[in-house]
Amino acid sequence: MPRELPERGGLQWPRVGATLVPHLEVRMEIDRRAFIASLGGAAAVAAMDHEAKADALEHYMEEQLDEAVASQQQGGGEKYPTVAELEAQIETRNYRRGAGNLLVNTRGNVKKLEPMPAKPTLEDFFRLRFAPANHVLQSATRAMKTGMSEEIVLACLLHDTVNNLIKPDHGWWGAQLYEPYVPEKTSFAIRYHQTLRFFPDEQAGYEYPESYFRTFGHDYVPPPYIQDTYKMLKNHRWYMEPRLVTVNDLYSFDPNAKVSIEPFLDIIGRHFKQPKEGLGFDNSPSAHMWRTIARPDSPL
Ligand SMILES: [Fe+2]
Ligand SMILES: [Fe+2]
């Protein structure tokens with residue numbers, strides 16, 4: 001039965017996907033695509049040895065089982081957690097959900113990273129620190145196919161890459177990281193896609209992502225600063241720039257999609273101001289962030 005969502009500070013609640021599906025029975029079927037996607041895509045899985053794959057599968061099944069049992073304990077109620085249930089999980093982990101994948105591996109030990117070249121480029125960071133980067137490559141591929149401007153294709157390519165370092169407020173962190181090197185519209189789109197993804201826009205073809213009921217809780221209400229930012233954006237002349245990033249954002253992965261950075265090298269060449277000293281060594285306001293991404297094993 002469709003369920004009413006609570007008041008959202010006068011703002012529009014997602015209308016699409018807001019129906020919570022009753023959970024009928026505990027099933028332990030493995031969704032292969034979701035499993036592969038959870039590991040970072042087919043290429044990442046191919047790079048794992050047999051033991052690592054077995055560990056990952058076991059871990060994945062345990063998580064699925066925990067979720068299914070928790071759902072049954074709620075009287076076979078909703079499939080999605082509440083904000084309070086997600087909060088109750090905090091002390092069951094030895095990491096925080098906001099830590100980027102370069103800092104924490106939630107499924108086992110971290111791997112030794114290949115050192116960066118002396119004067120690293122954006123492409124080097126994609127290859128050595130953001131890989132497999134499937135999500136952003138798929139978003140940018142879609143943006144290119146749907147005829148977006150080059151600034152927006154670039155924004156899609158970069159929009160979630162800072163998540164490898166840190167996840168909370170990744171729109172703001174990401175925009176700050178890229179601001180010295182990209183067109184203003186690109187950093188604007190990166191900064192504000194984080195806000196707009198919470199607010200559906202039927203005309204633009206953006207629905208509230210169903211996966212957010214799981215990630216944030218089905219009764220989640222974005223905090224006041226996000227709602228204020230949304231109000232500001234609604235009247236902004238560049239509203240469509242971050243909106244188009246959300247439209248081309250993908251909330252499900254196709255692990256078989258073959259994506260690479262190749263098709264975007266021309267756009268990077270035209271719009272990304274690669275510093276001759278290398279990213280991290282040009283004394284820009286975000287140089288330290290690039291160095292941190294380059295050396296996440298540094299103890300201080
Ligand atoms: Fe994002
Ligand atoms: Fe995204």
Side-chain angles (χ1 to χ4, degrees), residues 14 16-17 33-34 36-41 44 96-103 122 125-126 129-146 148-149 151-179 182 185-201 204-217 220 222-223 225-227 229-230 233 238-255 257 259-261 264 267 286 289 293:
V16 190
R33 291 162 75 94
I36 292 167
S38 78
L39 298 177
R96 296 197 187 276
R97 286 174 90 199
N101 300 346
L102 277 171
L103 301 179
L122 180 63
F125 273 92
F126 262 86
R129 294 296 180 269
F130 301 156
N134 266 319
H135 170 64
V136 289
L137 288 169
Q138 285 185 28
S139 291
T141 302
R142 178 172 162 173
M144 207 179 226
K145 270 190 202 147
T146 54
M148 298 291 117
S149 69
E151 286 96 332
I152 290 307
V153 174
L154 184 60
C156 289
L157 181 69
L158 307 177
H159 79 283
D160 282 341
T161 48
V162 85
N163 294 15
N164 287 288
L165 184 64
I166 188 159
K167 295 174 183 173
D169 272 320
H170 70 284
W172 275 272
W173 281 95
Q176 190 180 357
L177 178 69
Y178 287 112
E179 219 145 38
V182 300
K185 272 188 184 168
T186 302
S187 55
F188 186 90
I190 295 172
R191 176 169 288 114
Y192 294 120
H193 87 276
Q194 180 201 333
T195 297
L196 291 190
R197 73 205 163 132
F198 290 116
F199 301 94
D201 181 338
Y206 179 75
E207 298 172 357
Y208 188 84
E210 196 188 336
S211 65
Y212 281 9
F213 291 122
R214 198 170 304 117
T215 307
F216 293 96
Y220 178 74
Y225 79 94
I226 291 286
Q227 304 203 23
T229 303
Y230 176 58
L233 288 170
W238 283 0
Y239 168 82
M240 280 312 284
E241 310 299 325
R243 174 51 78 202
L244 289 172
V245 174
T246 67
V247 169
N248 288 285
D249 214 343
L250 299 163
Y251 293 92
S252 56
F253 297 83
D254 179 356
V259 282
S260 92
I261 199 161
F264 308 106
I267 288 179
S286 65
M289 294 168 74
I293 295 170

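Numbering of ligands and ligand atoms starts at 1, following listing order.
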Residues forming a ring pair (Phe, Tyr, Trp, His ring centres under 6.0 Å) with Phe216, sequence neighbours excluded: Phe198, Tyr212, Tyr220
Nearest heavy atoms of Phe126 and Val136, plus distance in Å: CE2-CG2, 4.0 Å
For Phe125, all residues meeting ring pair (Phe, Tyr, Trp, His ring centres under 6.0 Å), sequence neighbours excluded: Trp290
Pair listing, salt bridge (charged side-chain N to carboxylate O under 4.0 Å, His left out) test, anchored in residues 170-179, at least two apart: Glu179-Arg191
Sole candidate of His193, His135, Arg197 that passes side-chain hydrogen bond (donor to acceptor under 3.5 Å, both in side chains) when paired with Asp249: His135
Side-chain H-bond candidate by donor/acceptor type, Thr246 with Arg243, under 3.5 Å: yes
Protein N/O/S count near the Fe ion (ligand 1) (criterion: distance under 2.8 Å): 3
Atom of His135 nearest the Fe ion (ligand 2) (restricted to N/O/S, atom name only): NE2
